[in-house]
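Okay, so here's the structure we're looking at.
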Protein chains: 2
Amino acid sequence: MQKAVEQLSKSGIKPSYQRVKILEHLMNEKNHPTAEQLYHQLKTRIPTLSKATVYNTLHAFTKSGLIRSVTTNQLGTRYDYVTDDHGHFLCLDCNRIFDFPREKLCYERELEGFEIYSEEVVLKGICRDCAKKR
Amino acid sequence: MQKAVEQLSKSGIKPSYQRVKILEHLMNEKNHPTAEQLYHQLKTRIPTLSKATVYNTLHAFTKSGLIRSVTTNQLGTRYDYVTDDHGHFLCLDCNRIFDFPREKLCYERELEGFEIYSEEVVLKGICRDCAKKR
DNA sequence: GTCAAAGTTTAGAATTATTCTAATTTGGTG
DNA sequence: CACCAAATTAGAATAATTCTAAACTTTGAC
C-alpha cells in the first residue's frame, strides 16, 4: 500500500483510491494481465470500478514510465510493472508472457535526433513447458 | 512479379493471384502499411478483393517468416517485408515507422528450451522531423 | 473431358479491444 | 458550506480483427 502511494507521488500522479489499487495489483501480479483481466479482478473489490478508469489509468502509468505495455496482438495489450530492463517472451501456445533479463540497448548512432520514450523487445514462440508437451 | 512468386514457392505457399499481389505490394511499399491500408490500396486493382483474404494472407506470410508484423497499438498492426535484422521506431506524432539496423540479439542462456519464432524490437518516441518542428 | 475433393476467396455478420461522451462524484480551498 | 477542477462512471460508439457459410478455383484421378 505505502509503496504504491509513494511511487505514484514520485511520478506526479495523484494517488486516488482506484489508481493505488490498480498499481498495487500490477506490482503483485506477475502474469502481465490485460486491461480486461485487471478490470474483472479488481471489480470484485471495487464494485463501482469502470473500464474507462482502468484504461485511463493504464495510459497514465505507461506514459509516466511506471508500467510498460506489451502489445502482443492476441488477447489485447498486456501490462507489467517496470522494475529493470527486461524483454518479453510470448508463448503462442499458453499465452503466458515470460520476462527475461537483457542488456540495455544502445542506438545512439542509428537514431540520432530521435527522442526515445520506450523500448520493447518481444520474442514470440513456444515456451519450455509447451515445447515439452509435444 | 517473378521474385514474389519465387519467394512464395520457396516458403511453401501456393502463389495465388491475390497472394502474389499482396506480397509484391509489401516488397515495394516502404511505409509499413496496416491490413486496412493494404486492402484499400489493392482494392482498386483487384476489385473483388476481400478483407478476410488480406488478413488470412498476412497471417500466413507472418507465420512463414516472409513478413514481420509490428504491433504498435495505435491504428492497428503494421506489416513489412523482411529483409534483414532491423528494429522499428514508431513516431507517436506522425505515426511513421522507421527501420534501423540492429545486431542479432542473443538469448541462449536466458531462454534455454524455448523455441523462438520471431523477435521484435520496437522503440516509441518522437522522430527527428517531428522533434524539430516543436 | 468430367468429377469430386481440397484449397482459396468472398461478403458480410459477429466479436472484441479500446475510445468517447456526458453526467456524476470526489477532494481540496477559500 | 459552496465552489472548482480533477477523477470516475456507465454505457454507447468505433475500429480492428475474426468468423461463417457460400461460391469459386485448382488439382488429380478416372
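Here the structure is a predicted model, which means the values were calculated and not measured. Every chain is numbered from 1 and lettered A, B, ... according to where its sequence line falls, protein lines coming before strand lines.
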- Have a look at A/Val54 and tell me which of A/Leu58, A/Thr57, A/Asn56 forms a side chain to side chain contact (heavy atoms under 4.5 Å, CB included) with it. A/Leu58

- Task: Check whether any side-chain nitrogen or oxygen of B/Thr48 sits under 4.0 Å from OP1 or OP2 of C/dT10, and answer yes or no.
- Result: yes

- Message: By the 4.0 Å heavy-atom rule, please label B/Thr34 as base, sugar-phosphate, or nothing.
- Response: nothing

- Item | Rounded distance (Å) that lies between atom C1' of C/dA17 and atom CD of A/Gln37 | 12 Å

- Given atom NZ of A/Lys51 and atom C1' of C/dC20, what is their separation to the nearest angstrom? 14 Å

- Whole angstrom is fine here: how far is it from CZ in A/Arg78 over to C1' in C/dA17? 14 Å

- Query: So what does B/Thr53 touch, heavy atoms closer than 4.0 Å: a base, only the sugar-phosphate, or nothing?
  - Reply: base

- Note on the structure: Distance col, row A/Ile67:CD1 vs A/Thr62:OG1, nearest 0.5 angstrom, shows 3.5 Å

- Message: Here's a test of your reading of the structure: between A/His59 and B/Ser50, which maps to the more 5' nucleotide of DNA chain C?
- Response: B/Ser50

- Which atoms form the tightest heavy-atom contact between A/Ile13 and A/Ala60, and what is the distance? CD1-O, 4.1 Å

- Query: So if you build clusters from Ile, Leu, Val, Met, Phe, Trp, Tyr with side-chain heavy-atom gaps below 4.5 Å, do B/Phe89 and B/Val70 land together?
  - Reply: no

- Task: Sugar-phosphate atoms are those with a prime plus P, OP1 and OP2; base atoms are the rest. Using that split, label each nucleotide of nucleotides 23-30 of chain C B, S or - for protein heavy atoms under 4.0 Å, 5' to 3'.
- Result: --------

- Does OP1 or OP2 of C/dT19 have a side-chain N or O of A/Tyr55 closer than 4.0 Å? no

- Message: Just the rounded figure in Å: distance from P of D/dT17 to CG of B/Leu38.
- Response: 12 Å

- Query: Rounded to whole angstrom units, what separation is found between the CG atom of A/Asn56 and the P atom of C/dA17?
  - Reply: 18 Å

- Note on the structure: A/Arg19 has its side chain closest, among C/dG12, D/dT17, D/dA7, to D/dA7

- Message: Taking A/Arg96 first and then A/Asp129, would you say they form a salt bridge - that is, a charged N and a carboxylate O separated by under 4.0 Å?
- Response: yes

- Query: Roughly how many Å is it from NZ in A/Lys43 to P in D/dT9, rounded to a whole number?
  - Reply: 8 Å

- Atom OH of B/Tyr39 and atom P of D/dA15 are separated, to the nearest Å, by 16 Å

- Looking at B/Lys21 and B/Glu24, does any basic side-chain N land under 4.0 Å from a carboxylate oxygen? yes

- Hey, does A/Arg19 have a side-chain heavy atom less than 4.5 Å from the side chain of A/Leu66? no

- Item | Any B/Ser16 side-chain N or O less than 4.0 Å from OP1/OP2 of D/dT26 | no

- Task: Write down the distance between CD (A/Gln18) and P (D/dT8), rounded to a whole number of angstrom.
- Result: 5 Å

